[in-house]
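Some notes on the structure that comes next.
Excluded from the calculations below are hydrogen atoms, water molecules and symmetry mates; all remaining heavy atoms, backbone and side chain alike, are included. Chain naming here is simple, since letters A, B, ... match the order of the sequence lines and numbering starts at 1 in each.
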Protein chains: 2
Amino acid sequence: MVSQAEENYLKAIFKISEKEVKAASTNAIAAEMQTTAASVTDMLKRLAEKNLIDYEKYRGVQLTAEGNRVATVLIRKHRLWEVFLVDHLGFAWDEVHDLAEQLEHVQGNALIERLDRFLGHPKFDPHGDPIPDAEGRWTLRPQALLATLKPGDRGVVTGVEDHSPAFLQYLDQMGLSLGAEIELLERFPYDQSVRVRTQAGREVSLSEKVGQNLYVKIS
Amino acid sequence: MVSQAEENYLKAIFKISEKEVKAASTNAIAAEMQTTAASVTDMLKRLAEKNLIDYEKYRGVQLTAEGNRVATVLIRKHRLWEVFLVDHLGFAWDEVHDLAEQLEHVQGNALIERLDRFLGHPKFDPHGDPIPDAEGRWTLRPQALLATLKPGDRGVVTGVEDHSPAFLQYLDQMGLSLGAEIELLERFPYDQSVRVRTQAGREVSLSEKVGQNLYVKIS
DNA sequence: TAATTTTTTTAGATTAATCTAAATTTTATA
DNA sequence: TATAAAATTTAGATTAATCTAAAAAAATTA
């Protein structure tokens, strides 16, 4: 049995490992989990004991195949529940994270596979993040940060790097929800801010920070 | 904050109090929770400390208004999730208890109210048990145990006393799922077993035990 | 009502998950 | 490469939830 706390640590290690090549450090995990390094060390011992991670003192950790599997299933569950909350219960995309964080821990293979079927086997969640299938396979989508587009480039908003409600609500206000069409008109070297044309021919200015957190599929 | 363990105890006390007039005893709670009397005593102290129950040593317990509210919300959540699992995910009525047991602990008022709306504000769960509304009000339905019917009485199956998968599956096989029409043809004094006509003119014999666990609305 | 049985509580542990403070190891730097 | 700084682990506690065994109280019965 993998406890909820253990599952959460595995997910945190998975997320860190996605971004960094090297082993996930105790401090990085502590930051991700919003806890202390000492608590992380305690947990790492337990996870290593259960063969969910490879752990060598002072050397950081990596998920084992089994640890990776558990984390992937957890992410699958989290994202499927997010689709349910948005598509069927009418929640906004900035409201579903905490609920999915709880729902992902509900155990039962039949549940998640039936939910997946009910939802129509979605490949992406409401934030554009890919949903691994029952075998743990990921669907990758060619997308680029808005910050890398050149003037004249057009595309469709496909995802976000920053998942904070503040950012998501800001995007809603700018008409930049998932699926919105977008054209980069101009980039200002002074602060790397950009001017873009959105959906209804509306023009808006976006800071470099926004550009670093918004994914677009160039068309 | 009320922990999951505390919620489960409150629900157990609620269930016992439904049947018995007097205060719920430590042993009755231990039996319901499948744990030891010592564990129950420990928990009762904690629940009393939080003013969720009235507890006097050796005297059994009763829910306070707040404890009753927490238990009622928990039952509401459990039964709404059961409706979702059966009506939308296609689970059978004997498969949903354990999943609902987990889902009922997911916190979030908006979630349960949106789920309720999505489901169409159901008044009864897949076993015929009433679902309290957001204000904790119960819908009562005039129903009688099959064991109390007289020959010639007709009615519709509206609920079960025994929720075990074995009983529910047996009912499915007999054509006695919720909503099934039924007519009591004869009762045998020898063992109180009955002969009934079900849905498609089919005649079946049912033991006294079945009669004590099946609710019918006489028409 | 006294003795016995049953019920309940207490005492003393255990486990998972967490913490702070101190010690140790690794990494960076002068 | 010493030394200082940063990262990590260990030591020692705490809390919630549970347990077994023993003690105490309540209920039953002879």
Short side-chain N/O contact from Thr36(A) to OP1 or OP2 of dT18(C), under 4.0 Å: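 So the side-chain polar atoms of Thr36(A) never come under 4.0 Å of the phosphate oxygens OP1 or OP2 of dT18(C).
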Using whole Å, report how far [atom1] of [X] lies from [atom2] of [N].
X	N	atom1	atom2	answer
Leu47(B)	dA16(D)	CG	C1'	12 Å
Asn8(A)	dT18(C)	CG	P	9 Å
Met33(B)	dT8(C)	CE	P	16 Å
Ile29(B)	dT18(D)	CD1	P	13 Å
Met43(B)	dC19(D)	CE	P	11 Å
Leu52(B)	dA16(D)	CG	P	14 Å
Lys22(B)	dT7(C)	NZ	C1'	12 Å
Met1(B)	dA17(D)	CE	P	10 Å

Touch class at under 4.0 angstrom, heavy-atom based, for Glu6(A) against every strand present: sugar-phosphate
Derivation and outcome, side-chain hydrogen bond (donor to acceptor under 3.5 Å, both in side chains), residues Asp172(A) and Ser177(A): CA-CA 5 Å; Asp172(A) 281 338; Ser177(A) 305; 2.8 Å; yes
Selected nucleotide, minimal atom distance to Arg46(A) side chain, candidates dA16(D), dC19(D), dT18(C):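 For the Arg46(A) side chain, the nearest candidate turns out to be dT18(C).
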Main-chain N/O of Ala5(B) paired with Asn8(B) side-chain donor or acceptor, under 3.5 Å: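 It does not hold such a pair.
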Residue pair Gln173(A), Gln169(A): steps toward the side-chain hydrogen bond (donor to acceptor under 3.5 Å, both in side chains) verdict: CA-CA 6 Å; Gln173(A) 285 179 0; Gln169(A) 285 163 22; over 6 Å; no
Parallel, tilted or perpendicular: ring planes of Phe14(A) versus Trp138(A), cut at 30 and 60 degrees: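 Correct class here is parallel.
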Aromatic ring pairing Phe84(B)/His88(B), orientation class (parallel under 30°, perpendicular over 60°, tilted between): parallel
Asn213(A) side, atom CG; Leu145(A) side, atom CG - distance, nearest 0.5 Å: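 Going from the CG atom of Asn213(A) to the CG atom of Leu145(A) covers 7.5 Å.
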Sole candidate of Glu82(B), Glu135(B), Glu113(B) that passes salt bridge (charged side-chain N to carboxylate O under 4.0 Å, His left out) when paired with Arg76(B): Glu113(B)
Contact letters for nucleotides 2-11 of chain D, in which S counts primed atoms plus P, OP1 and OP2 and B counts the base, heavy atoms under 4.0 Å: -----SBBB-
